[in-house]
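The analysis underlying the following values was restricted to heavy atoms, covering all of them including side chains, and did not include hydrogens, waters or symmetry mates.
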Amino acid sequence: MPVILMDPALPDLIPARGVAYLAGHVFVTEDVHPRLLWDLPSYEYVSFARDLPPRAVVLSSDRTHPLVRQEVARGEEVITADALRGTRLLEAVALMDRLRRTGPWEKQQTHDSLRRYLLEEVYELLDTFDRVDADEMRSELGDLLLQVLFHARIAEDAAQGAFTIDDVAQSFIDKVSYRTPGVLSGEHADLERQIQEWEDRKAAERSRGSVLDGLVTSQPVLALTQKLFERLVAADFPRNAISPSLTRIDIPIRRHARDSVEDSQRRLVMQLMSDVRAAENAAGIDGVIPRDENTWRKYLGMSYDETVIPAQPVEQVSSQPVEPVRSEATSRVETPPDDRALHDDRAESRSPSPPVTNEVTSCVETPAPVDAETTGQFRPVRVAAPSTDPRAYYFEFPKPGERFDFPDLAEHRAAPEPEPAPSNDFPEPDDFPGPPPKYRTVDVDPHAATEREVDVSYGSDVPQMVIRHEWDDEDD
């Protein structure tokens, strides 16, 4: 009768060919998980080698057990399942968990205390690549795996932000699956396309953040410099904004070096990163994410083309047409239906306006233009001007006696309001004695006179202002 060997990492997995042999009495070694015993109709524990009755069935998960070796030596059939790759990882996880709970040294370790060991294991693994030693490489990979399991187990005990080794594995699965959709789905097997998909998905993950997000500054300075350049080139950062000293490292040949070359290079890299973040913060105030050279130049304080509109990130571009918002917040005024032709003529005479963007505009109260047909009273009009336009913040009132026509802000003049619909309660025009009086500018300032009055007859034009120094008698 056969010897059925199970995988110790999968205690509930019985080889398909061995299921039929478990219907009768089974001799079980002590390494079999107790949970499985409840499903056996009849079993008997065997902890050492002894003679078994004919046609006995042995169930075990330990190839080295004395009873198993005895039966194999007698030529009994061995039924086992094909080993699944990764099952030994379960044993490694269980071993690390046991050490963390019972080992006095493992109990005291933290992420920070293991920092130097992790760095050492990485460098030792890199050395095996140069020696091309398979045994050493396998051993060093195991040491590096120990660090991964150790840090994941420490994180499991954290009071806040705890996670397990399963969360680490899931993070790997999610990231790789998201960044390689074409290859995993069988859509294509093109190398260049796979690389492009990876870079596009990776860029989309941080498109709304800084171009420096995820850049590890504690890595060796040469690797840091190279990674920084890759990020900046992908974001269309201007090349002439990078100091030439960053692209070349000169190591002096002298007995006593005055400065550390690595430290000097790191300071230059950190300064460039500081400039990049400052430009991103300045652009963020205007609601812009710099991803083209002209926008970078603007917020870096360099010369740039003012006519170029910053490109929006892909996630912010909408396929729907932008409807003009007509509210007090944007100060756009509806043109009355009767005055659309006049409004169109004025629009054609002016220079073309820049395209509508989503940039925030500043609305300020400015006086309306005054001409010969107005009363001379300033009427506030809401004007929408870009926040970078000085006219949105500064206004110069006319001096006494000067005419104020607002030549530069004529295009921002509010359109006339539509006339109210006629009402049945409103008097007819024939009920008035005459047209309303017409107003005309005066040549004499009436405020300079101490006593004055104006002779105006209703229904006629307003005459020149008459200055009188003596009051008329009450009888007159």
Side-chain angles (χ1 to χ4, degrees), residues 111-112 115-116 118-119 122-123 160-161 171 175 179 198-252 257-317 357-360 362 386-390 393:
H111 292 301
D112 190 65
R115 182 191 299 265
R116 67 184 186 93
L118 176 60
L119 189 60
V122 172
Y123 282 121
Q160 295 180 350
S171 175
K175 180 180 295 185
R179 295 183 181 180
W198 182 281
E199 294 298 332
D200 292 344
R201 295 297 182 98
K202 184 177 180 180
E205 293 173 359
R206 60 170 183 266
S207 61
R208 294 185 180 274
S210 171
V211 71
L212 304 178
D213 286 349
L215 191 60
V216 182
T217 57
S218 59
Q219 61 183 310
V221 67
L222 291 182
L224 175 61
T225 305
Q226 182 178 2
K227 193 65 177 179
L228 175 61
F229 287 171
E230 292 175 356
R231 293 284 188 90
L232 296 181
V233 170
D236 201 14
F237 192 81
R239 302 291 181 89
N240 55 357
I242 301 177
S243 173
S245 58
L246 267 173
T247 62
R248 177 179 177 180
I249 299 178
D250 295 325
I251 303 178
R258 291 177 297 180
D259 299 322
S260 170
V261 176
E262 181 170 352
D263 185 60
S264 300
Q265 180 74 3
R266 188 175 296 276
R267 285 199 301 267
L268 294 175
V269 171
M270 299 304 293
Q271 180 59 47
L272 177 58
M273 294 178 63
S274 177
D275 296 340
V276 171
R277 291 193 183 277
E280 289 179 330
N281 293 336
I285 297 176
D286 295 341
V288 177
I289 299 179
R291 289 298 182 269
D292 60 90
E293 181 175 353
N294 191 67
T295 306
W296 280 114
R297 296 178 67 89
K298 175 181 178 180
Y299 293 102
L300 286 170
M302 306 170 63
S303 60
Y304 68 98
D305 188 354
E306 299 182 0
T307 62
V308 177
I309 300 175
Q312 292 181 335
V314 177
E315 289 74 9
Q316 296 182 359
V317 176
T357 64
N358 292 334
E359 294 185 4
V360 180
S362 300
S387 58
T388 57
D389 190 352
Y393 305 100

Original post:
Mind checking whether D250 and V261 have side chains closer than 4.5 Å, heavy atoms only?
Top reply: no
**OP:** Would you check, one step at a time, whether the test side-chain contact (heavy atoms from CB on, under 4.5 Å) holds for L222 with I249?
**Re:** CA-CA 10 Å; L222 291 182; I249 299 178; 3.1 Å; yes
Subject >> salt bridge (Lys or Arg N to Asp or Glu O under 4.0 Å): pairs with one or both residues in residues 264-279, sequence neighbours excluded >> reply: E262-R266, D263-R267
**OP:** Give the intermediate values and the outcome of side chain to side chain donor-acceptor pair (under 3.5 Å) for residues Y299 and D286.
**Re:** CA-CA 10 Å; Y299 293 102; D286 295 341; 2.8 Å; yes
Subject >> Atom pair CD/CG of E280 and D213 - distance to nearest 0.5 Å >> reply: 7.5 Å
Original post:
In terms of side-chain geometry, is the basic nitrogen of K202 or D200 positioned less than 4.0 Å from the acidic oxygen of its partner?
Top reply: no
**OP:** Work out which heavy atom in R297 is nearest to a heavy atom in S303; give both atom names and the distance.
**Re:** NE-O, 2.6 Å
Original post:
Just by modelled atom types, is the R201 backbone N or O under 3.5 Å from a matching donor or acceptor in the R179 side chain?
Top reply: no
Subject >> Side chain W296, main chain A235, donor-acceptor under 3.5 Å >> reply: yes
Original post:
Would you find a donor on one side and an acceptor on the other, under 3.5 Å apart, between the side chain of Q219 and the backbone of V216?
Top reply: yes
**OP:** Check for a donor-acceptor pair, side chain of D305 on one end and backbone N or O of T307 on the other, with a separation under 3.5 Å.
**Re:** yes
Subject >> Check: V221 main-chain N/O paired with Q265 side-chain donor or acceptor under 3.5 Å >> reply: no
**OP:** Taking the side chain as every heavy atom from C-beta outward, state whether L272 and S243 have any pair of such atoms under 4.5 Å apart.
**Re:** no
Subject >> Heavy-atom side-chain contact between L268 and T225 under 4.5 Å >> reply: no
Original post:
Got V233 and R239 here, is their nearest side-chain heavy-atom distance under 4.5 Å?
Top reply: yes
**OP:** Evaluate the side-chain proximity of I242 to F229: yes if any heavy-atom separation is below 4.5 Å, no if none is.
**Re:** yes
Original post:
How many angstroms lie between atom CG of L228 and atom CZ of F237, to the nearest 0.5 angstrom?
Top reply: 8.5 Å
Original post:
Under 3.5 Å, side chain of D236 to main-chain N/O of R291, donor-acceptor pair present?
Top reply: no
Original post:
Between the side chain of S264 and the main-chain N/O of S260, is any donor-acceptor distance below 3.5 Å?
Top reply: yes
Subject >> Pairwise distance NZ(K227) to CG(L212) - rounded to 0.5 angstrom >> reply: 12.0 Å
Original post:
Do R115 and D112 touch side chain to side chain, with heavy atoms closer than 4.5 Å?
Top reply: yes
